[in-house]
A.B. asks: 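After the structure tokens below, expect a handful of questions from me.
For clarity, every value in this text was computed on a predicted model and none was experimentally measured. Lettering follows sequence order; numbering is per chain, from 1.
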Amino acid sequence: MLSLPSLLSERIQAIAGIDPELRPATRPQFGHYQTNVALRLANAEGRPPREVAARLVEQIDLADLCEPLEIAGPGFINLRIHTEVLGRVATQVLTEPKSGIGTVEHPRTVVIDYSSPNVAKQMHVGHLRSTIIGDCFTRVLRAQGHTVIPQNHIGDWGRQFGMLVEQILEEGIDLRALDLAGAEALYQRANAHLQSSTAFADRARERVVLLQGGDAETRQLWQQLIEVSKAGFNDTYRRMNVVLTDADLAGESIYNDDLAVVAADLEDRGVAVVDDGALVVFVDGFNAPAIIRNAAGGFGYTCTDLAAIRHRVGTLRADRLIYVVGAPQTYHFEQVFAVARLAGYLPETVTAQHVGFGQVLGADGKKFSTREGTAVTLNSLLDAAEREAAPAIALAAIKYADLSSGLQKDYTFDAQRMVATTGDTGPYLQYAHARVNQILRKAEAEGFDGDAVTVLAEPAEQQVALLLSRFGEVVAAVGETLQPHRLCGYLYELAGALSSFYEQCPVLKSGGDVRASRLALCAATRKVLATGLDLLGIEAPERM
RNA sequence: GCGCCUGUGGCUCAACGGAUAGAGCAUCUGACUACGGAUCAGAAGGUUGAGGGUUCGAAUCCCCCCAGGCGCGCCA
């Protein structure tokens, strides 16, 4: 079914010939929607905007959906939806399984690269955002009918394993008794050892060769480190209530055998050239070449990312790639994408997007770190929020704080502000849901009788219905623009409209058709709040 | 040196080239024998970092500055 806003747009476009860029009205007196289509056409036609608007209003056929169109200001056309139509749409939101979220016409196969912690290190602040944002994308795109393949690109390969394995052997550690925090402590000891002893550094280097060569003992210890780390990651994922599973693990190591293949392929086809002993690709617009293989013969993360693209497009059949990785990596991904295009690993039909996000800052507005100067662990952030509120609320608070402002910006982790139940916060939305749920619970106890929104006499009722009709559009916009804060803003507006509504309009105490209609409106709102919060990865409690 | 991001009321953030720049927090006024006041209604608070330009129209686009952050060949 075509959503109400798209239906209106289509009708206007049929006459105007261009996308009307329909927008919610900026003020109540301007109705429900406005379009500036006449203003834009006036330029091309060389006629006064209001004259153009008058012609359009005469020809556009919207009598079944709207009150008579109005021309206002410099030439805006304002639309006011019939209340019967609003009621019908609100009822559909209640009736339809997907609450107005449209299934996309052309489903895509989307690979989303997110979370990506490193083996033998606890998850830190940086992983918080990637995990929350990626989880939201997975939920939204799946709801739209896309096939989503999350890829948790964990750091399970590289030189650090040389020193880790050597340290394990030297200390005689039994890895089965180790947890992730213990593994991280081991990492730090190994690193210090590496700095202080050239003999150890030499052994670590040799151990890397053994690991790459498939030496059994080395591989076994490496594998055990991964198991220990996975257990730790999964504890955190469970705590965060995200959809990632072991099936989504696709660590760097799985591309190990492809690295030399990619390098040879690029070199053979002349995409890459040897320069200063390294195999590199020069790309226009980049002031440094992409290094595929360093002069020592090693492969860096550029090569790994290229191999991953090849795999994701060639084997997983993805036609959209999304990387949820911090903003500092923007340059890297632009370059990797450019190289992949040159090499043909990324055909024109496949889109690739890096969703860079800003840093999480401490309460002092500076880079988040412990007193010792090390990065703050993700679990300690969850702990901090849980000191302010119950776990389900604390988690909602963190996720909402993370998703509700633009992703590019840094944001300050302020536990007290996040868990506030007033204002634009996760807990406020949860509260709105819990409260409307209480009304419905009582109604259900005495025989729920609202299944259609039929009466919308009050402005507060109309406002709720109007917002409900926009849900599908908002979700579609998030799927397209990858901006979760739009959904947050929408849900906050809906929760506010709901609060105003039940302040002004008694539900249980009203009677007859009005009561039934208001109950249906409540039910539709509860459904959209719960569905919307779920898309953000936030639980909608029945009571608080 | 080059490049990217950010700059909006005291604070935290919206605004997809459009009407009088919107919210929340904090502050001040109101509304409770309540469908849970964890709420609602209202007030006050802005030359959108500065200056030019494009446009019928600029927080938004272009140019030049200023401030802060982050990147830019052999780590990932």
A.B. asks: Out of B:G18, B:C25, B:G69, which has the shortest distance to the side chain of A:D410?
C.D. replies: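 Of all the options, the side chain of A:D410 is nearest to B:G69.
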A.B. asks: Checking all strands, does A:C488 fall into the base, sugar-phosphate, or nothing category for heavy-atom contacts under 4.0 angstrom?
C.D. replies: nothing
A.B. asks: Write down the distance between CD (A:E493) and P (B:A23), rounded to a whole number of angstrom.
C.D. replies: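 Atom-to-atom, A:E493 to B:A23, this comes out as 10 Å.
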A.B. asks: Side-chain donor or acceptor of A:N36 under 3.5 Å from a matching atom on the base of B:G18?
C.D. replies: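 Looking at the base of B:G18, it does pair with a donor or acceptor on the side chain of A:N36 (distance under 3.5 Å).
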A.B. asks: Would you measure the distance from the C1' atom in B:C32 across to the matching atom in B:A41 and give it in whole Å?
C.D. replies: 14 Å
A.B. asks: So what does A:P74 hit on the nucleic acid, given a heavy-atom distance under 4.0 Å: a base, only sugar-phosphate, or nothing?
C.D. replies: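 The answer is nothing, as A:P74 stays clear of every strand by at least 4.0 Å.
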A.B. asks: For residues A:F368 and A:V360, report the shortest heavy-atom separation together with the two atoms involved.
C.D. replies: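 Taking A:F368 first and A:V360 second, the nearest heavy atoms are CB-O, 3.5 Å.
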A.B. asks: B:U39, B:C74, B:A14: which one has an atom nearest the side-chain heavy atoms of A:E503?
C.D. replies: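 Comparing B:U39, B:C74, B:A14 against the side chain of A:E503, the answer is B:U39.
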A.B. asks: Using the P atom on both, measure B:U48 against B:A58 and round to a whole Å.
C.D. replies: 12 Å
A.B. asks: Do the ring planes of A:F333 and A:Y323 sit parallel (below 30°), tilted (30 to 60°) or perpendicular (above 60°)?
C.D. replies: tilted
A.B. asks: Measuring centre to centre across the rings, with the benzene-like ring taken for any Trp, is A:Y255 within less than 6.0 Å of A:F299?
C.D. replies: no
A.B. asks: What nucleic acid atoms does A:E446 come within less than 4.0 Å of, heavy atoms only: base, sugar-phosphate, or nothing?
C.D. replies: nothing
A.B. asks: Select base, sugar-phosphate, or nothing to describe what A:F286 touches, counting heavy atoms under 4.0 Å on all strands.
C.D. replies: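 No contact.
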A.B. asks: Between B:U60 and B:A50, how far apart are the two P atoms, rounded to whole Å?
C.D. replies: 11 Å
A.B. asks: Are any of the side-chain heavy atoms of A:I132 and A:I398 separated by less than 4.5 Å?
C.D. replies: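 In short, these two side chains touch, coming nearer than 4.5 Å.
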A.B. asks: For a quick check, tell me whether the side chain of A:R23 and the base of B:C16 share a donor-acceptor pair closer than 3.5 Å.
C.D. replies: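 Pair found.
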A.B. asks: Which part of the nucleic acid, if any, lies within contact of A:F299, taking any heavy atom under 4.0 Å across all strands shown: a base, the sugar-phosphate backbone alone, or nothing?
C.D. replies: sugar-phosphate
A.B. asks: Output the rounded distance in Å from CZ (A:F333) to P (B:A76).
C.D. replies: 14 Å
A.B. asks: Considering every strand and a 4.0 Å limit on heavy-atom distances, what is the contact class for A:T26: base, sugar-phosphate, or nothing?
C.D. replies: base
A.B. asks: Measuring only the P atom in each nucleotide, how far is B:C13 from B:C4? A whole number of Å is fine.
C.D. replies: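 Looking at atom P only, B:C13 and B:C4 are 24 Å apart.
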A.B. asks: In whole Å, measure the gap between the C1' atoms of B:G18 and B:G57 for me.
C.D. replies: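 6 Å, rounded to whole Å.
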A.B. asks: Can a side-chain donor-acceptor contact be found between A:Y400 and A:Q430 if the only test is distance below 3.5 angstrom?
C.D. replies: no
A.B. asks: Who does B:A15 pair with, Watson-Crick or G-U, both distances under 3.5 Å?
C.D. replies: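 B:A15 is unpaired by these criteria.
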A.B. asks: On the six-membered ring of A:F501, is A:R518 placed so that its NZ or CZ lies under 6.0 angstrom from the centre and within 45° of the ring axis?
C.D. replies: no
A.B. asks: Looking at every strand, decide which applies to A:A42 at a 4.0 Å heavy-atom threshold: base, sugar-phosphate, or nothing.
C.D. replies: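 No contact.
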A.B. asks: What integer distance in Å separates A:R47:CZ from B:C56:P?
C.D. replies: 18 Å
A.B. asks: Need the pair for B:G10. Rule: Watson-Crick or G-U wobble, both distances under 3.5 Å, any strand; none if unpaired.
C.D. replies: B:C25
A.B. asks: Can you tell me the pairing partner of B:C32 across any strand shown, Watson-Crick or G-U wobble, with both distances under 3.5 angstrom?
C.D. replies: none
A.B. asks: Using a heavy-atom cut-off of under 4.0 Å over every strand shown, decide if A:A290 touches base, sugar-phosphate, or nothing.
C.D. replies: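 Result for A:A290 = nothing.
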A.B. asks: May I ask you to say what A:Q329 touches in the nucleic acid, namely base, sugar-phosphate or nothing, with a heavy-atom cut-off under 4.0 Å?
C.D. replies: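 Base contact.
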A.B. asks: For A:E70 and B:A19, what is the distance between atoms CD and P respectively, to the nearest whole Å?
C.D. replies: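 A:E70 atom CD is separated from B:A19 atom P by 18 Å.
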A.B. asks: In whole Å, measure the gap between the C1' atoms of B:G22 and B:A15 for me.
C.D. replies: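 The same atom, C1', in both gives a distance of 7 Å.
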A.B. asks: Starting the side chain at C-beta, find the nucleotide from B:G36, B:C13, B:U39 nearest to A:T422.
C.D. replies: B:U39
A.B. asks: Separation of A:N191 atom CG from B:A76 atom P, in whole Å?
C.D. replies: 15 Å
A.B. asks: Whether A:K399 and A:D402 form a salt bridge (side-chain N of Lys/Arg under 4.0 Å from carboxylate O of Asp/Glu) is what I want to check.
C.D. replies: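 Salt bridge: no.
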A.B. asks: Does A:N118 reach a base, just sugar-phosphate, or nothing at all? Heavy atoms under 4.0 Å.
C.D. replies: nothing
A.B. asks: If you assign A:V280 and A:G158 each to the RNA chain B nucleotide with the nearest heavy atom, which residue ends up on the more 5' nucleotide?
C.D. replies: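 On the 5' side of the pair lies A:V280.
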A.B. asks: For the side chain of A:Y431, starting at C-beta, report the closest nucleotide among B:A38, B:A76, B:C75.
C.D. replies: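 Of the candidates, B:A38 comes closest.
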A.B. asks: State, yes or no, whether a side-chain contact exists between A:L211 and A:W157 at a heavy-atom distance under 4.5 Å.
C.D. replies: yes
A.B. asks: Would you indicate whether A:E45, at its atom CD, is surrounded by more than 12 heavy atoms from other residues, nucleotides or ligands within a distance under 6.0 Å?
C.D. replies: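 Yes, the 6.0 Å shell around CD holds more than 12 heavy atoms from other groups.
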A.B. asks: Check whether the side chain of A:Q34 and the base of B:A19 form a donor-acceptor pair under 3.5 Å.
C.D. replies: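 Between B:A19 and A:Q34, which were checked side chain against base, a qualifying N/O pair under 3.5 Å is present.
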A.B. asks: Look at the side-chain N and O atoms of A:S500 and state whether any lies under 4.0 Å from the OP1 or OP2 oxygen of B:C40.
C.D. replies: no
A.B. asks: Quick one: on RNA chain B, does A:A288 or A:K409 contact a more 5' nucleotide (nearest heavy atom)?
C.D. replies: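 Its nearest nucleotide being more 5', the pick is A:K409.
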A.B. asks: Need the pair for B:U48. Rule: Watson-Crick or G-U wobble, both distances under 3.5 Å, any strand; none if unpaired.
C.D. replies: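 Its partner is none (no Watson-Crick or G-U wobble pair with both distances under 3.5 Å).
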A.B. asks: Is the A:F286 ring parallel, tilted or perpendicular to the A:Y331 ring (thresholds 30°, 60°)?
C.D. replies: perpendicular
A.B. asks: Nearest to the A:L39 side chain among B:C40, B:C75, B:G18, which nucleotide is it?
C.D. replies: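 From the listed options, B:G18 comes nearest.
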A.B. asks: Quick one: which of B:G1, B:C11, B:A23 gets closest to the side chain of A:R417?
C.D. replies: B:C11
A.B. asks: If you measure from the ring centre of A:Y428 to the centre of the six-membered ring in the base of B:A38, is it under 5.5 Å, with the planes under 30° apart?
C.D. replies: no
A.B. asks: Is there a Watson-Crick or G-U wobble partner for B:C70 with both distances under 3.5 Å, and which nucleotide is it?
C.D. replies: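 Looking at the geometry, B:C70 pairs with B:G3.
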A.B. asks: If you check every side-chain atom of A:N287, which of B:C5, B:G24, B:C72 has the closest atom?
C.D. replies: B:C72
A.B. asks: Could you please name the partner base of B:A58, counting Watson-Crick and G-U wobble pairs only when both distances are under 3.5 Å?
C.D. replies: none
A.B. asks: Does A:G489 reach a base, just sugar-phosphate, or nothing at all? Heavy atoms under 4.0 Å.
C.D. replies: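 Here A:G489 touches no strand at all.
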A.B. asks: Tell whether A:Y301 reaches the base of B:A76 with its side chain through a donor-acceptor pair below 3.5 angstrom.
C.D. replies: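 For A:Y301, whose side chain was compared with the base of B:A76, there is a donor-acceptor pair (under 3.5 Å).
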A.B. asks: With sugar-phosphate meaning primed atoms plus P, OP1 and OP2, does A:Y331 contact a base, only sugar-phosphate, or nothing at under 4.0 Å between heavy atoms?
C.D. replies: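 If one applies the 4.0 Å heavy-atom cut-off, A:Y331 turns out to touch the sugar-phosphate alone, with no base involved.
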A.B. asks: Would you say A:F76 stacks on B:A19, if stacking means ring centres under 5.5 Å apart and planes within less than 30 degrees?
C.D. replies: yes
A.B. asks: Considering only the C1' atoms, how many Å lie between B:G9 and B:C5, rounded to the nearest integer?
C.D. replies: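 Their C1' atoms lie roughly 24 Å apart.
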A.B. asks: Identify whether any heavy atom of A:A327 sits under 4.0 Å from a base atom; if not, whether one sits that close to sugar-phosphate; answer base, sugar-phosphate or nothing.
C.D. replies: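 Touches nothing.
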A.B. asks: A:N43 CG to B:U54 C1': how many Å, rounded?
C.D. replies: 13 Å
A.B. asks: If you count heavy atoms of other groups shown closer than 6.0 angstrom to CD of A:E542, is the number above 12?
C.D. replies: no
A.B. asks: Taking the same atom, P, in B:C66 and in B:C75, what whole-Å distance lies between them?
C.D. replies: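 35 Å, rounded to whole Å.
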A.B. asks: With hydrogens left out and only the distance checked, is there a donor-acceptor pair under 3.5 Å joining A:N78's side chain and the base of B:A19?
C.D. replies: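 Present.
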A.B. asks: Check every strand shown and say whether A:H332 touches a base, only sugar-phosphate, or nothing at a heavy-atom separation below 4.0 Å.
C.D. replies: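 Nothing, no nucleic acid heavy atom in range.
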A.B. asks: Using both distances under 3.5 Å as the test, list the Watson-Crick or G-U wobble partner of B:A38, or none.
C.D. replies: none
A.B. asks: Measuring from the side chain of A:H485 (C-beta onward, heavy atoms only), which nucleotide among B:A15, B:G73, B:C74 has the closest atom?
C.D. replies: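 So the side chain of A:H485 is nearest to B:A15.
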A.B. asks: Partner of B:C64 by Watson-Crick or G-U wobble geometry, both contacts under 3.5 Å, or none?
C.D. replies: none
